[in-house]
*Asks:* 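Below you'll find the structure I mean.
Sequential numbering from 1 along the given sequence is applied to the chain's residues. No hydrogens, no waters, no symmetry mates; every other heavy atom, side chains included, goes into these values. From a predicted model like this one, the values you see are computed outputs, not experimental measurements.
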Amino acid sequence: MDERYEPKMCYDYTQYSHDNDVNVIPEKDYKRLVSDTFNTICDTLRQTYGPYGSSVIITSQNETVVTKDGYNTFEAITFSHNYKKLVYLAIQEIITRVNEVVGDGTTTCILLAEKMFKYLKDIAKTTDDERNIKKILENIEHELQKINVIDDDIKSGKINKLTKDTLYNIIRLAANYDETLTSNLVGAMDPTVDENGFVTSVRNVCVQENCNIANLTDAEYSYEYLPGDYRVNINPENDTNATQYIIPETRRVMICDHTFGANDWAKFTNNGRIIRADMPVIIVAESISRDFMDKQYGPYMNGFASVGESVPIMFVSLARTGYTLSNEIKDLAAVLDIEPWTLDAFAPVDYDKYSKPYKFSIVKGNCLCFYDCKPATAHADALKRELEADLRQSDVKRRIWKDRISACLLKNGDTYFQLKTSNPLQAKLLKDKVTDCCSIITSAINNGVVPNMLHYGHDRMVELSNAFEGNEFAQTVCGGITAAIEAMFDEIWHSKYGSTNDYTEDKKIDERDSIKESFYTSHNSDKSFDIVSEEMVDKSTLPTSAQYDLEVIVAGISIVKYMLTSKSFIFESTLLKHHGDKGHIDPYSY
């Protein structure tokens with residue numbers, strides 16, 4: 001019989017729970033569940049890795065797109081098995097942080113975790129070994145996330161500052177070598193440089209996709225710089241109304257720090273009529289009650305439309321752009337010098353207290369631009385003190401704080417970036433890619449750039465191994481992580497040559513080793529092997545953010561800790577199914 005059609009053995013992860021009428025999966029079965037789920041994810045993402053990786057086809061709602069992006073591929077994976085789905089969600093939580101912070105690295109993180117786990121599980125002979133490995137891994141995470149080390153390495157020259165050339169190359173790599181997207185993004189970011197040629201800031205890129213373009217075979221990109229002193233992304237409650245405000249208009253602006261609903265509306269009206277119709281106001285709320293919009297505001301709007309008059313009250317709700325909506329409310333109120341209107345069941349609306357006249361426009365229907373604002377210096381100083389007092393030294397939080405401070409001081413510039421495609425799924429993937437490129441550039445400005453992916457992380461791990469001198473077990477753990485990083489280049493090798501080629505085995509080994517050696521030369525070397533063009537080129541042509549290296553390694557360590565230390569699983573009793581809830585495994589793996 002053809003082995004392809006032989007029946008496969010199945011592994012019942014929940015046999016224990018069924019036999020004992022309990023919602024518990026014991027250690028052995030749970031470890032098998034985690035391993036099987038993780039192996040499926042690795043095998044799916046492996047084919048996309050590196051410059052020679054292949055693409056995958058993703059379909060959704062009758063739309064099909066080909067992509068090489070690891071994070072979108074990861075998000076497209078769905079497990080119908082309930083318990084595998086929960087394992088997937090645990091890994092997704094770790095992966096999401098990497099993608100949000102540095103905008104890339106999903107595939108690298110997953111494959112690196114796979115190799116770390118392979119090395120480390122071999123030295124975890126006992127429960128004490130697992131406990132010690134976890135403690136060492138936590139120490140490594142802590143050391144890799146120390147902000148002062150990156151700052152010191154930038155001062156010493158080990159980490160370079162971002163230049164226009166390295167910015168272009170980073171975007172090109174993150175955009176999977178899409179030259180059109182790269183050139184448009186560089187123009188949209190409009191980088192500013194200092195007297196030494198280092199990039200000090202870039203414009204914020206507000207992405208909007210247009211998917212209703214007929215007969216468009218390839219994606220098209222365009223951008224324009226947004227006007228105004230302070231901008232905030234919004235969700236207009238009425239698109240037709242919002243598009244009327246392209247030319248700046250003056251209205252009183254009221255900022256509502258809660259969900260605007262029917263009780264709030266009652267304070268503006270009397271028997272359905274506006275009390276102060278002579279005072280047009282735009283209400284910027286954290287969100288708008290859908291029930292209120294459908295039952296009260298909708299009929300109110302239709303009444304004005306029927307007589308052709310302008311609407312005295314219009315609404316917009318904030319669109320989250322990287323941190324909590326409550327922070328965006330605070331920052332907007334500080335810049336406009338308006339006291340936010342808080343939830344109060346009885347207090348009447350005080351126009352003079354809660355609103356002020358401002359000139360504004362709504363550009364492209366989703367960006368609210370205010371004019372003639374003044375920097376909120378006092379609020380920015382408070383944020384600076386809060387940043388300095390942060391004892392956790394979270395780099396993610398530091399980045400959010402710095403972005404908020406720059407916005408409050410009106411130092412940010414914004415660009416409207418539009419991508420056009422006939423495929424909604426492709427539009428989503430491209431929008432994600434643009435966001436990823438912006439994230440990794442922000443990381444590179446704040447934390448500097450290094451040559452080649454994982455080069456800097458490898459060097460940091462070597463330094464940590466030396467710091468553990470005298471602790472043989474800890475050095476063995478560090479050695480396993482270092483070996484896992486080096487093994488990542490075997491993935492690039494296999495993605496290029498596969499299992500068969502014209503090279504002799506000796507020549508293959510020699511060339512592969514030369515690739516590894518050139519990637520891990522000292523930082524003082526001026527040249528490095530370019531795996532893309534196979535030429536000796538300046539190392540600056542293959543840069544990445546220093547933070548990228550560290551975040552990828554830390555995320556890989558987090559996954560390994562999850563896989564090594566998970567002992568059992570107690571699940572919701574509602575997920576307990578009848579006997580036969582099984583998952584497939586390799587029949588020859590026993």
Side-chain angles (χ1 to χ4, degrees), residues 97-105 108-109 141-175 185-186 189-204 387 390 393-403 405-406 411 436-464 485 519-528 530 537-555:
R97 170 189 161 90
V98 179
N99 195 67
E100 288 181 350
V101 174
V102 292
D104 207 351
T108 308
C109 171
E141 284 179 305
H142 177 70
E143 292 296 324
L144 292 179
Q145 291 180 307
K146 282 186 175 179
I147 297 173
N148 63 300
V149 177
I150 285 184
D151 293 338
D152 292 341
D153 286 345
I154 291 176
K155 293 176 183 177
S156 67
K158 184 179 289 188
I159 298 177
N160 298 320
K161 293 183 179 180
L162 188 70
T163 66
K164 279 191 173 182
D165 289 338
T166 51
L167 179 143
Y168 182 91
N169 288 319
I170 288 176
I171 294 179
R172 182 171 173 268
L173 287 169
L185 262 179
V186 171
M189 290 183 180
D190 190 25
T192 57
V193 298
D194 59 18
E195 64 276 7
N196 298 315
F198 298 128
V199 176
T200 57
S201 66
V202 294
R203 300 177 69 92
N204 294 324
L387 172 58
D390 179 27
Q393 290 295 294
S394 165
D395 191 76
V396 177
K397 198 167 184 178
R398 181 176 71 164
R399 170 181 161 188
I400 292 174
W401 260 315
K402 286 186 174 181
D403 288 344
I405 292 169
S406 296
K411 292 183 177 180
D436 293 348
C437 290
C438 295
S439 295
I440 198 169
I441 291 302
T442 301
S443 172
I445 292 174
N446 293 334
N447 300 286
V449 294
V450 290
N452 306 313
M453 291 185 294
L454 300 182
H455 188 148
Y456 177 68
H458 178 275
D459 286 357
R460 284 286 298 273
M461 283 307 308
V462 172
E463 293 172 0
L464 285 176
I485 295 173
F519 267 76
Y520 295 114
T521 53
S522 69
H523 283 286
N524 295 325
S525 174
D526 293 330
K527 298 292 182 178
S528 178
D530 180 354
V537 298
D538 291 337
K539 291 196 297 186
S540 61
T541 61
L542 286 174
T544 188
S545 161
Q547 186 188 17
Y548 170 97
D549 279 17
L550 304 185
E551 288 290 342
V552 164
I553 296 173
V554 167

*Asks:* How far apart are the closest heavy atoms of E143 and R460, and which atoms are they?
*Replies:*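 Smallest heavy-atom distance, with atoms named: O-NH2, 2.8 Å.
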*Asks:* Which heavy-atom pair separates K158 from V450 by the least distance, and what is that distance?
*Replies:*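 Closest heavy-atom pair between K158 and V450: O-CG1, 4.4 Å.
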*Asks:* Give me the atom names and distance for the closest heavy-atom approach of V449 to P543.
*Replies:*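 Minimum heavy-atom contact is CB-CB, 4.4 Å.
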*Asks:* Give the C-alpha distance, both sets of side-chain angles, the deciding distance and a yes or no for side chain to side chain contact (heavy atoms under 4.5 Å, CB included) between L185 and I441.
*Replies:* CA-CA 11 Å; L185 262 179; I441 291 302; over 6 Å; no
*Asks:* Drop me the distance from I440's CD1 to N99's CG, to the nearest 0.5 angstrom.
*Replies:*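 One gets 10.0 Å once the value is rounded to the nearest 0.5 Å.
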*Asks:* Yes or no on side chain to side chain contact (heavy atoms under 4.5 Å, CB included) for I150 and L550, after CA distance, side-chain angles and deciding distance?
*Replies:* CA-CA 10 Å; I150 285 184; L550 304 185; 3.8 Å; yes
*Asks:* Hey, are the side chains of T166 and N160 touching, using non-hydrogen atoms and a 4.5 Å cut-off?
*Replies:*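 They are not in contact (no side-chain heavy atoms under 4.5 Å apart), so the answer is no.
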*Asks:* Between V193 and K164, is a side chain to side chain contact (heavy atoms under 4.5 Å, CB included) present by the stated rule, with each step listed?
*Replies:* CA-CA 8 Å; V193 298; K164 279 191 173 182; 4.0 Å; yes
*Asks:* Nearest 0.5 Å, what's the SG-CG distance between C438 and N204?
*Replies:*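 Here the interatomic distance stands at 8.5 Å.
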*Asks:* Does any part of the side chain of L454, heavy atoms only, come nearer than 4.5 Å to the side chain of V552, both counted from C-beta?
*Replies:*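 Heavy-atom side-chain distance check passes, below 4.5 Å.
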*Asks:* As an exercise, state the distance from CD1 of I405 to NZ of K411, rounded to the nearest 0.5 Å.
*Replies:*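 Taking CD1 in I405 and NZ in K411, the distance rounds to 9.5 Å.
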*Asks:* Nearest 0.5 Å, please: how far is CD in Q547 from OG1 in T442?
*Replies:*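 These two atoms lie 10.0 Å from each other.
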*Asks:* Please tell me if the side chains of L173 and N169 come closer than 4.5 Å, counting only heavy atoms from C-beta onward.
*Replies:*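 Side-chain contact under 4.5 Å: no.
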*Asks:* Taking all non-hydrogen atoms of both residues, which atom of I485 and which atom of M461 are closest, and how far apart?
*Replies:*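 Where I485 meets M461 most closely, the heavy atoms are CD1-CG, 4.2 Å.
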*Asks:* Heavy atoms, side chains only, cut-off 4.5 Å: are C109 and E551 in contact?
*Replies:*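 No, every pair of side-chain atoms sits at 4.5 Å or beyond.
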*Asks:* Would you say the side chain of T200 lies within less than 4.5 Å of the side chain of I445, judging by non-hydrogen atoms?
*Replies:*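 They are not in side-chain contact.
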*Asks:* Using the rule given for side chain to side chain contact (heavy atoms under 4.5 Å, CB included), can you reason through T544 versus D104, listing the C-alpha separation, both sets of side-chain angles and the distance that settles it, and then say yes or no?
*Replies:* CA-CA 10 Å; T544 188; D104 207 351; over 6 Å; no
*Asks:* Inspect the contact between K146 and E463 and indicate whether a charged nitrogen and a carboxylate oxygen are less than 4.0 angstrom apart.
*Replies:*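 Here E463 does not pair with K146 in a salt bridge, since their nearest N and O are not under 4.0 Å apart.
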*Asks:* Measure the spacing between CD1 of I171 and CE of M189 and express it to the nearest 0.5 Å.
*Replies:*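 With rounding to 0.5 Å, CD1 (I171) is 4.0 Å from CE (M189).
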*Asks:* Looking only at non-hydrogen atoms, find the nearest pair between H455 and D549 and report the distance.
*Replies:*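 Smallest heavy-atom distance, with atoms named: N-OD2, 3.2 Å.
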*Asks:* Looking at every non-hydrogen atom in both residues, tell me the closest pair between A444 and I170 and how far apart they are.
*Replies:*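 Scanning both residues completely, I find the closest heavy atoms to be CB-CD1, 4.0 Å.
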*Asks:* Do S406 side-chain atoms and D403 backbone N/O form a donor-acceptor pair below 3.5 Å?
*Replies:*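 No; judged by distance alone, with no hydrogens or angles, the pair does not exist.
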*Asks:* Just wondering, do V202 and L167 contact through their side chains at under 4.5 Å, heavy atoms?
*Replies:*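 Yes. Closest side-chain heavy atoms under 4.5 Å.
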*Asks:* May I ask you to decide if S201's main-chain N or O and T192's side chain share a donor-acceptor pair within less than 3.5 Å?
*Replies:*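 Yes, T192 side chain to S201 backbone: donor-acceptor pair under 3.5 Å.
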*Asks:* Supply the atom-to-atom distance I154 CD1 to F198 CZ, rounded to the nearest 0.5 angstrom.
*Replies:*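 So the gap between those two atoms works out to 10.5 Å.
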